[in-house]
Number of protein chains: 2
Amino acid sequence: MTVLEQYIHSYFGVTLDDISKISSYFQLTTLNKGDYFLKAGQICNKLSFHKSGLIRVYVATEKKEVTQWISTQGYFVTDLAGIMFNKPTKYNIQALTDCELYTIKTDDYNRIGNFIPKWHQLEKLFIARCFTFLEDRIFMLLSMTAAERYKLFFENQKELFNQVPLQYIASMLGMTPETLSRLRKKKLE
Amino acid sequence: MTVLEQYIHSYFGVTLDDISKISSYFQLTTLNKGDYFLKAGQICNKLSFHKSGLIRVYVATEKKEVTQWISTQGYFVTDLAGIMFNKPTKYNIQALTDCELYTIKTDDYNRIGNFIPKWHQLEKLFIARCFTFLEDRIFMLLSMTAAERYKLFFENQKELFNQVPLQYIASMLGMTPETLSRLRKKKLE
DNA sequence: TTTTACTCTTGATAAAAATCAAGAAGTTAT
DNA sequence: ATAACTTCTTGATTTTTATCAAGAGTAAAA
């Protein structure tokens with residue numbers, strides 16, 4: 001059983017038969033460090049389950065790059081506006097390290113529903129879960145200080161601090177690299 | 001045609017017949033000013049289309065109340081974690097004015113899919129739209145100063161400033177009421 | 001290896017935003 | 001109408017966070 005199959009199994013109540021059907025639509029693909037999964041302006045036409053490596057999602061504004069998210073093993077990588085509404089993305093999605101992904105094209109993705117009746121419902125639940133995740137993130141940004149955001153993130157994602165340039169983590173937490181650096185120092189003392 | 005039917009019509013490609021079927025599941029309900037649609041700790045078991053009035057969604061922390069969202073006509077009001085995953089909510093949802101809502105119970109909501117095959121797909125698209133909306137909000141909170149957030153919000157929601165206590169708008173934009181007050185003053189000069 | 005990029009840290013300073021406190025205006029209740 | 005609440009504003013001050021600048025450490029490239 002692949003990690004993708006394990007994921008589907010643990011998050012959705014689907015029969016083993018359906019799991020292997022679903023996962024058979026996905027192809028193992030790779031990205032080399034620095035490669036772009038998607039560039040701003042493109043219309044995303046694929047969905048990937050993140051098997052290994054690190055990926056950064058960011059927006060390039062005139063003034064700065066804003067890291068919206070850093071993906072690690074176990075997340076899905078895509079641009080929802082692209083695969084659902086065929087809209088060009090504002091995000092750049094780039095591999096920070098060599099990566100392995102299980103990837104499906106939007107066309108195939110949209111056909112799964114024909115073979116697996118429960119599919120749309122599973123999709124719905126999955127997106128709903130993502131929605132509540134973002135809700136929590138907004139609450140964090142609205143209500144917490146930089147120090148509190150750092151603490152919370154650090155507790156949940158310790159590993160990332162050794163693997164990802166800290167400036168990206170800082171941006172994703174809504175602070176400058178200098179501020180993050182000082183918070184880290186203060187924590188040690 | 002009710003505003004709910006108009007909404008369904010404009011956002012989803014559904015036949016007029018299906019529209020009236022869908023909307024027939026919704027009942028017109030009212031909230032009086034101050035009434036709670038939902039209180040923290042409860043499991044949300046309804047979904048409402050907001051017809052008139054104003055509703056505030058907030059989290060009560062030990063230190064302060066954090067306004068997550070202010071709903072006006074045309075939005076849906078619910079707690080997704082409740083209706084999708086049967087989880088208790090952390091939100092308080094309270095009427096700021098007398099309100100009219102088209103409301104459906106979760107049980108009925110979950111039955112619509114039996115009568116309208118496309119339903120799950122519509123739901124999925126609707127939630128996906130909400131997801132991208134939150135993505136944009138996170139980007140705003142990560143990348144903009146208080147002044148920029150105020151400006152952007154003001155451009156899109158001018159009306160709200162006359163109808164809602166400004167302290168709630170301030171909280172929703174991630175700033176204190178004093179800061180919002182000063183930004184407003186500066187804008188006039 | 002040497003050079004060239006990055007990345008992170010640190011200090012000094014400036015800017016932004018929060019806090020505290022008081023008072024003015026407007027609402028609601030009695 | 002008066003009193004009791006709220007809400008908003010304003011000023012003074014403090015705290016938080018960003019900006020600017022320089023240097024140290026690391027990794028990658030020539």
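On a predicted model such as this, the values are computed, not experimentally measured, just so you know.
- Salt bridge annotation for E178(A)-R182(A): absent, with no cationic side-chain nitrogen under 4.0 angstrom from a carboxylate oxygen.
- Of all heavy-atom pairs spanning C44(A) and T106(A), the tightest one is O-OG1, 4.1 Å.
- Contact annotation: R182(A) does not reach the phosphate of dT10(C) (side-chain N/O to OP1 or OP2, under 4.0 Å).
- What separates CG of L180(A) from C1' of dC8(C) is a distance of 10 Å, to the nearest Å.
- As a whole-Å value, the separation of L96(B) CG from dT7(D) C1' is 14 Å.
- By the 6.0 Å and 45° rule, K46(B) stacks over the aromatic ring of F37(B).
- Atom NZ of K63(B) is separated from atom C1' of dT15(D) by 13 Å (rounded to the nearest Å).
- For dC6(C), the base has no donor-acceptor partner in the side chain of Q167(A) [N/O atoms by modelled type, under 3.5 angstrom].
- Applying the 4.0 Å criterion to OP1 and OP2 of dA17(C), one finds that T176(B) has every side-chain N and O outside that range.
- Between N162(B) atom CG and dG26(C) atom P there is a gap of 15 Å when expressed in whole angstrom units.
- Listed candidates were dG11(D), dT7(D), dT7(C). Nearest to the side chain of P165(A) is dT7(C).
- In this structure, R184(A) places its CZ atom 8 Å from P of dC8(C), rounding to the nearest Å.
- Looking at heavy-atom distances under 4.0 Å, K64(A) makes no contact with the nucleic acid at all.
- dA17(C) atom P lies 13 Å from atom CE of M144(B), rounded to whole Å.
- Side-chain atoms of Q6(A) and H9(A) include no donor-acceptor pair closer than 3.5 Å.
- Remark: P of dC8(D) and CZ of F161(B) are 11 Å apart, rounded to the nearest angstrom.
- In this view, F115(A) satisfies the ring pair (Phe, Tyr, Trp, His ring centres under 6.0 Å) rule with no residue, not counting sequence neighbours.
- Taking every side-chain heavy atom of T179(A) into account, dA18(D) is the closest of dA18(D), dG11(D), dA18(C).
- Residues L166(A) and K33(B) each lie close to DNA chain C; by heavy-atom proximity, the contact nearer the 5' end of the strand is made by L166(A).
- Rounded to an integer number of Å, the gap from CD of E178(A) to P of dT16(D) is 18 Å.
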